[in-house]
Amino acid sequence: LYNSPGTFNVNLEISTAHCNNIFNTTVDVEPSPTISTSSDVIDGCTPLLVNFEAFSDVDANVVWTFGDGLGSNEAIISHTYLSQDVSGTTFIAVANATSPFGCIARDTIQIATLPGAQASFYSSEPSCAPMEAIFTNNSSSAISYFWDFTDGVTSIEDNPMHTFENTTGFLETFPVRLVAIAENGCNDTTIVGVSVYPEAQFDFILPEDEGCSPFAVQMPPLGGAQDIIWSFGDGTPDSNIPMTTHVYTNETEFAETHTLHVEGTSNFGCIGAFSTQVSVNPQPIAQFSTDIQVGCAPLSVNFSDNSERA
């Protein structure tokens with residue numbers, strides 16, 4: 001056994017009762033490489049970034065295996081450990097230094113991902129805005145939570161409720177983010193899209209909302225509205241004709257105000273409604289009488305104004 005490098009002479013001498021022989025040779029023992037390794041951290045929360053360094057002499061080739069199925073032939077390398085186990089995982093990183101003569105030296109470092117939380121949740125099915133979404137938190141190994149609804153509102157409740165608005169006229173999806181935080185500070189994040197149908201908005205402005213009896217009002221077009229029902233507020237039957245014309249009458253001596261109301265359904269199945277006021281003034285009735293209608297000139301006639309609502 002040669003414990004140190006060098007060149008050694010080996011002699012073999014044999015003999016018989018009458019003869020002998022000698023064989024000489026040399027044995028070259030190459031130096032074994034040395035290796036030292038280090039890392040900037042040995043434990044932490046997943047994903048855990050570790051910076052490894054390995055140093056060797058005799059111009060050795062260094063190869064890392066990180067213990068998670070991955071490796072590198074760079075002596076100085078960064079590696080990220082991912083662990084799906086909330087109880088934590090231990091990895092053995094191994095650095096092998098191989099000299100040009102095939103001699104090998106090895107060093108190991110133990111890396112541990114700390115126990116952490118696992119974030120998980122689901123929310124309500126898509127609905128019409130304003131949509132009150134209920135969130136069910138299925139996270140594990142967490143003691144606190146942070147919710148970001150991506151509309152400017154956040155929450156730290158376990159199972160929050162949140163109202164989403166959507167007045168864009170299009171389907172809108174909000175990427176809701178949940179951060180689940182473990183007791184040691186390790187956290188996990190998950191994102192789930194919450195879809196919200198646009199609010200059905202059937203607002204309109206009448207060209208004229210005040211007139212004299214009989215006052216004819218044509219209903220305006222309502223883009224995207226289906227199953228429209230007009231209520232005129234004057235006791236007459238409702239109408240399901242989209243752009244119908246309705247005649248308001250006023251036989252009283254005073255102005256009357258009626259509530260014009262419409263309900264409909266959007267292309268997304270959302271129900272919307274809108275109301276506005278219509279003022280109907282009484283129509284004056286012009287009439288007069290005379291004390292005499294026929295006579296000889298010069299004829300003096302007395303006129304009496306009998307008009308109504310004037």
Side-chain angles (χ1 to χ4, degrees), residues 1-120 138-143 178-191:
L1 176 64
Y2 297 98
N3 292 318
S4 59
T7 300
F8 301 91
N9 293 315
V10 179
N11 298 318
L12 174 63
E13 182 176 350
I14 60 174
S15 61
T16 66
H18 305 283
C19 304
N20 62 62
N21 194 9
I22 298 176
F23 178 76
N24 298 317
T25 189
T26 59
V27 175
D28 293 323
V29 179
E30 301 294 336
S32 298
T34 60
I35 187 170
S36 63
T37 59
S38 65
S39 65
D40 58 343
V41 295
I42 59 172
D43 58 34
C45 304
T46 184
L48 177 61
L49 176 64
V50 181
N51 296 307
F52 290 103
E53 291 185 349
F55 298 98
S56 181
D57 56 4
V58 299
D59 196 25
N61 180 46
V62 175
V63 176
W64 284 97
T65 55
F66 299 117
D68 58 358
L70 299 176
S72 173
N73 57 4
E74 300 288 337
I76 300 176
I77 188 68
S78 297
H79 182 67
T80 299
Y81 285 95
L82 301 174
S83 174
Q84 301 299 324
D85 191 344
V86 295
S87 63
T89 305
T90 298
F91 303 91
I92 303 298
V94 179
N96 288 310
T98 304
S99 72
F101 298 98
C103 301
I104 299 176
R106 176 177 297 174
D107 197 10
T108 62
I109 300 177
Q110 181 172 290
I111 304 295
T113 56
L114 299 177
Q118 187 171 31
S120 175
N138 292 326
S139 302
S140 59
S141 304
I143 62 170
L178 169 62
V179 181
I181 306 168
E183 186 174 6
N184 59 8
C186 294
N187 61 78
D188 184 39
T189 300
T190 188
I191 297 175

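Only a predicted model underlies this, so the values are computations on that prediction, with no experimental measurement involved. Note: hydrogens, waters and symmetry copies are ignored here, and every other heavy atom, side chains too, is used.
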Minimum heavy-atom distance between [X] and [Y], given as atom pair plus value:
X: Asp68; Y: Thr80; value: OD2-O, 4.4 Å
X: Glu183; Y: Ile143; value: CA-CD1, 3.5 Å
X: Ala97; Y: Ser56; value: CB-OG, 3.6 Å
X: Gln118; Y: Asp188; value: CA-OD2, 3.5 Å
X: Gly67; Y: Phe91; value: O-CD2, 3.6 Å
X: Ala54; Y: Val62; value: CB-CG1, 3.8 Å

Does any donor atom in the side chain of [X] or [Y] lie under 3.5 Å from an acceptor atom in the other side chain?
X: Asn51; Y: Ser78; answer: yes
X: Ser120; Y: Asn138; answer: no
X: Thr46; Y: Ser83; answer: no

Take Thr113 and Cys45 through the side chain to side chain contact (heavy atoms under 4.5 Å, CB included) test and state the conclusion after the steps. CA-CA 6 Å; Thr113 56; Cys45 304; over 6 Å; no

Are [X] and [Y] packed together at the side-chain level, in the sense that at least one heavy-atom pair is separated by less than 4.5 angstrom?
X: Ser4; Y: Val29; answer: no
X: Phe66; Y: Ile92; answer: no
X: Asn184; Y: Pro115; answer: yes
X: Ile77; Y: Trp64; answer: yes
X: Arg106; Y: Val94; answer: yes

Ignoring hydrogens and angles, write down the donor-acceptor pairs under 3.5 Å from the side chains of residues 9-25, residues two or more places apart or on other chains.
unit_1 : atom_1 : unit_2 : atom_2 : d
Thr16  : OG1    : His18  : N      : 3.2
Thr16  : OG1    : Cys19  : N      : 2.8
Thr16  : OG1    : Cys19  : O      : 3.2

Any chance you could lay out the side chain to side chain contact (heavy atoms under 4.5 Å, CB included) test for Thr90 and Gln110, step after step, and finish with the verdict? CA-CA 7 Å; Thr90 298; Gln110 181 172 290; 3.4 Å; yes

Around atom CZ of Phe8, are there more than 12 heavy atoms from other residues, nucleotides or ligands closer than 6.0 Å? yes

Please lay out, stage by stage, how Asn61 and Thr98 fare under the test side-chain hydrogen bond (donor to acceptor under 3.5 Å, both in side chains). CA-CA 5 Å; Asn61 180 46; Thr98 304; 5.7 Å; no

Which class fits the ring pair His79 and Tyr81: parallel under 30°, tilted 30 to 60°, perpendicular over 60°? perpendicular

